[in-house]
Amino acid sequence: MSLETKIYELRQEKLKQIQALGLQAYPHRFDFTHTIPQILAEYTAKTTEELEANKVNVRVAGRLMSIRGQGKAGFAHLQQEGGRLQIYVKLDFVGEKGFALYKLLDLGDIIGVKGYLFRTRTNELSIHVEEIHFLAKDLLPLPEKWHGLQDVELRYRQRYVDLVMNEDVRKVFVARSKVVSAIRRFLDSRGFIEVETPMMQPLAGGAAARPFTTHHNTLDIDLYLRIAPELYLKRLTVGGLDRVYEINRNFRNEGISTQHNPEFTMLEFYQAYADYRVLMDLTEELLAQVARDVNGTTKTTFNGHEIDFGDWQRLSMREAIIKYWPEAAGGKPQMSDFAGAKAVGALVKRLHDAKIHNMPYDPDEPAGKTIAAMFEAVAEEHLIQPTILYDFPVAISPLSKNKPDEPDWVERFELFVGGLEIGNAFSELNDPEEQRRRFEQQLSEKERGDEEAHAMDEDYIRALSYGMPPAGGEGVGIDRLTMLLTGSRSIRDVILFPLLRPLQPGETQATEPEEATADPQNNK
RNA sequence: GAGCGCGUAGCUCAGUCGGUAGAGCAACGCACUUUUAAUGCGUGGGUCGCAGGUUCGAUUCCUGCCGCGCUCACCA
């Protein structure tokens, strides 16, 4: 019998003894007067004398995180909502039955207490307990109290234990919630409405990525989990919803890394009658405000860098390549060096001759693709401070509007912060004829073997044919933004249940007897 | 998908240049009515990730597999 099983059975036995005291094993309710954080906030500053002068009666619930027995008395710490408060349980005050219950409690049990606040000899704010209410038993042992749960795999697989043991983890997810609510507040106040568009789509459009496939039985059709909500949100601007946003999951059937989870959360928003310049201003305001709402400051530390969301630089893609052009590759390029496949090929050759960068090159690909790859090879890693990188090649931007004076370039920008790409925005292409040509271009890319090239979406072109107002649209990766604002180096640290390979049967830590398998059809 | 690393008690970690393993916390028992990583005395707990190979003998060496992490590739 494993230790874990032994403890499980011992504690079940204690649960029976608790019932023998006439108490419910799993009571339904406990009414409290304060949360523990409320008590800490309100009474931490109060002195012993103040607490004695005005007796503060409280009812508090929480999980037992430490127990120190003293024979006929004892101290313990209750944890709730990220706060810890000491309780003092004395036989004289809680009575024989109450103390018998106290002795049957284990680390991890959930209890409620009634009592009054006081300060101990060592001046720790505590509850002098008059009643103990048993609320739920922890049948499995918690991790060690001093080091907590360190094992990364266990932390992700059993996030519930991680959250109990590691206060910082709790803080990250509270911050994540604030990120989302701050975004909603900001956009709502500017007249945006939140909408929900299909997660299951007959065509997976709006981004370049491989989708997950699923099947609807009644209609007998294959569907794709969306890789982006983009094309649906833009249909809404055709319909006259001028300012819309959606915060929800996208699914991409691609690799897992510290920056990628197959399902991730994206804010996408569209503003009619605006172009990408308007969105640049809006983005700077939005992200500075979100940072303030989450952390109280626009500054954050990520990967050893101090980053200020209140201080943005704007660089065009070509400017960025020029700015960060490596010395080993000779003198900096001129703007004219990006015009045409021949000139771009010459730049690539200079990089290759310098042997310092991983710069993929296929002369058959459009020059725009090569320039984008050059940006990634030369400049991207340097974009630590918040940067709006603007003006992208049309070849990699099938949904963006051309620059009026440079048809090979589009009005598009991406957001780079801390070396992460956290957003993508553009003046939306709303010319259905041009959109059709772009899709056709994508189709030929697909035929050349690009699995992630866009599919033709006839209904989307039909929607544009009814007239879509000029609009700017943007996507912001919520997970990565949260990483930056919480200093988390892995995306798994900002996703409560990141995708992991499931354990094989028998590898689980479960010690309970097998439960009868419920009929899945009758299981809500 | 590739390279590198890790997997020892419930948890955090030692260790074995090949002779089947230890500590702290947790657990169990006793004592203790202001402790706080409570304390004191005592007790129990491990197929050393899985499967093969080499060997008289493998947790240790080798191979394969599984899981996780990091880096790279793809991407947001």
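Everything numeric in this text was worked out from a predicted model, so none of it was measured. Per chain, numbering begins at 1; letters A, B, ... match sequence-line order.
- How far CZ of A:Phe269 is from CG of A:Leu233: 11.5 Å, rounded to the nearest 0.5 Å.
- Using atom C1' as the reference point in both B:A23 and B:G19, the two lie 23 Å apart (nearest Å).
- For the pair A:Glu9 CD and B:G45 P, the interatomic distance rounds to 16 Å; values are reported in whole Å.
- Residue A:Leu142 is out of contact with every strand shown, counting any heavy-atom pair closer than 4.0 Å.
- Each of B:U33, B:G69, B:C11 was ranked by its minimum atom distance to the side chain of A:Leu91; first place goes to B:U33.
- Rounding to whole angstrom units, CG of residue A:Leu3 and P of B:G10 are separated by 6 Å.
- The gap from the C1' atom of B:U71 to that of B:A27 amounts to 41 Å, rounded to the nearest Å.
- Using C1' as the reference atom, B:A38 and B:U59 are 37 Å apart when rounded to the nearest Å.
- Side chain of A:Asp92, nearest nucleotide from B:A37, B:U33, B:G44: B:U33.
- Note: CD (A:Glu153) to P (B:C6) measures 16 Å, nearest angstrom.
- When rounded to the nearest whole Å, the span between CG of A:Asp493 and P of B:C68 equals 15 Å.
- Between A:Leu351 and A:Pro326, some side-chain heavy-atom pair lies under the 4.5 Å cut-off.
- Looking at which nucleotide of RNA chain B each of A:Arg121 and A:Leu500 is closest to, the 5′-most match is held by A:Arg121.
- Annotation: side chain of A:Gln86 is in contact with side chain of A:Arg68 (closest heavy-atom distance under 4.5 Å).
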query = Going through the distances and angles, do A:Arg314 and A:Glu284 end up as a side chain to side chain contact (heavy atoms under 4.5 Å, CB included)?
reply = CA-CA 11 Å; A:Arg314 296 184 186 184; A:Glu284 291 188 8; 3.0 Å; yes
message = Counting Watson-Crick and G-U wobble pairs with both distances under 3.5 Å, what is the dot-bracket string for RNA chain B, 5' to 3', using [ ] for crossing pairs and | for pairs to another strand?
response = (((((((..((((.....[..)))).(((((.......))))).....(((((..]....))))))))))))....
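- Between the CE atom of A:Met65 and the P atom of B:A38 there is a distance of 12 Å, rounded to whole Å.
- Atom name P, nucleotides B:C30 and B:U16: the rounded distance is 39 Å, in whole Å.
- Note on A:Ala208: only backbone sugar-phosphate atoms sit closer than 4.0 angstrom, heavy atoms only; bases stay farther off.
- Taking atom C1' on both B:C74 and B:C66, the two are 25 Å apart, rounded to the nearest angstrom.
- Within 4.0 Å of A:Gly74, counting heavy atoms only, lies no atom of the nucleic acid at all.
- Minimum atom distance to the side chain of A:Ser490 is reached by B:C70, of the listed B:C70, B:A26, B:C11.
- When distances run from any side-chain atom of A:Phe75 to the nucleotides B:U33, B:U34, B:G45, the shortest one goes to B:U34.
- B:A26 sits 11 Å from B:A9 when the C1' atoms are compared, rounded to a whole Å.
- At the heavy-atom level, A:Asn261 lies under 4.0 Å from base atoms of the strands shown.
- Listed candidates were B:U35, B:C70, B:C11. Nearest to the side chain of A:Gln86 is B:U35.
- Between A:Arg492 and the phosphate of B:C70, there is a side-chain N or O to OP1/OP2 separation shorter than 4.0 Å.
- Closest to the A:Glu4 side chain, of the nucleotides B:G69, B:G10, B:C70, is B:G10.
- Atom CE in A:Met165 sits roughly 15 Å away from atom P in B:C25 (whole-Å rounding).
- With distances taken from any side-chain atom of A:Thr258 to the nucleotides B:U12, B:U71, B:U35, the minimum falls on B:U71.
- Between A:Arg155 and A:Asp493, at least one side-chain nitrogen of the basic residue sits less than 4.0 Å from a carboxylate oxygen of the acidic one, meeting the salt-bridge criterion.
- Using a 3.5 Å distance cut-off with no hydrogens or angles, the side chains of A:Arg492 and A:Asn261 do not pair a donor with an acceptor.
- The side-chain heavy atoms of A:Tyr43 and A:Val56, taken from C-beta on, include a pair separated by under 4.5 Å.
- Between the CG atom of A:Asn303 and the P atom of B:C70 there is a distance of 12 Å, given to the nearest Å.
- The only member of A:Asn303, A:Val169, A:Ile495, A:Val172 that meets side-chain contact (heavy atoms from CB on, under 4.5 Å) when paired with A:Ser488 is A:Val172.
- Residue A:Arg489 has no polar side-chain atom (N or O) positioned under 4.0 Å from OP1 or OP2 of B:C70.
- Residues A:Phe93 and A:Val129 form no side-chain contact, since every pair of their non-hydrogen atoms from C-beta on lies 4.5 Å or further apart.
- Within the 4.0 angstrom heavy-atom criterion, only backbone atoms of the sugar-phosphate kind lie near A:Asp151; the bases stay farther away.
- B:G10 and B:C4 have their C1' atoms separated by 31 Å, given to the nearest Å.
- Note on A:Phe251: nothing from the nucleic acid sits closer than 4.0 angstrom, heavy atoms only.
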A:Leu21/A:Phe134 under side chain to side chain contact (heavy atoms under 4.5 Å, CB included): CA gap, chis, key distance, verdict = CA-CA 11 Å; A:Leu21 292 173; A:Phe134 178 75; over 6 Å; no
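- The residue among A:Leu107 and A:Tyr88 whose nearest nucleotide of RNA chain B is located toward the 5' end is A:Leu107.
- Taking atom P in both B:G52 and B:U60, the straight-line distance is 13 Å, to the nearest Å.
- Backbone-only contact: A:Gln150 has heavy atoms under 4.0 Å from sugar-phosphate atoms and none from a base.
- Distance from the side chain of A:Glu144 is smallest for B:U12 among the nucleotides B:U12, B:A38, B:G45.
- At the phosphate of B:C28, neither OP1 nor OP2 sits under 4.0 Å from any side-chain N or O atom of A:Lys6.
- Contacts of A:Arg157 with the nucleic acid, taken as non-hydrogen atoms under 4.0 Å apart, involve only primed sugar atoms and P, OP1 or OP2.
- Following rounding to the nearest Å, A:Tyr156 (OH) and B:G7 (C1') show an atom-to-atom distance of 17 Å.
- Contacts of A:Leu420 with the nucleic acid, taken as non-hydrogen atoms under 4.0 Å apart, are absent.
- Of the candidates B:A26, B:U33, B:U35, the closest approach to any side-chain atom of A:Arg68 belongs to B:U35.
- Heavy-atom neighbours of A:Lys46 NZ from other residues, nucleotides or ligands within 6.0 Å: at or below the threshold of 12.
- Nearest to the side chain of A:Trp146, among B:U35, B:A37, B:A27, sits B:A37.
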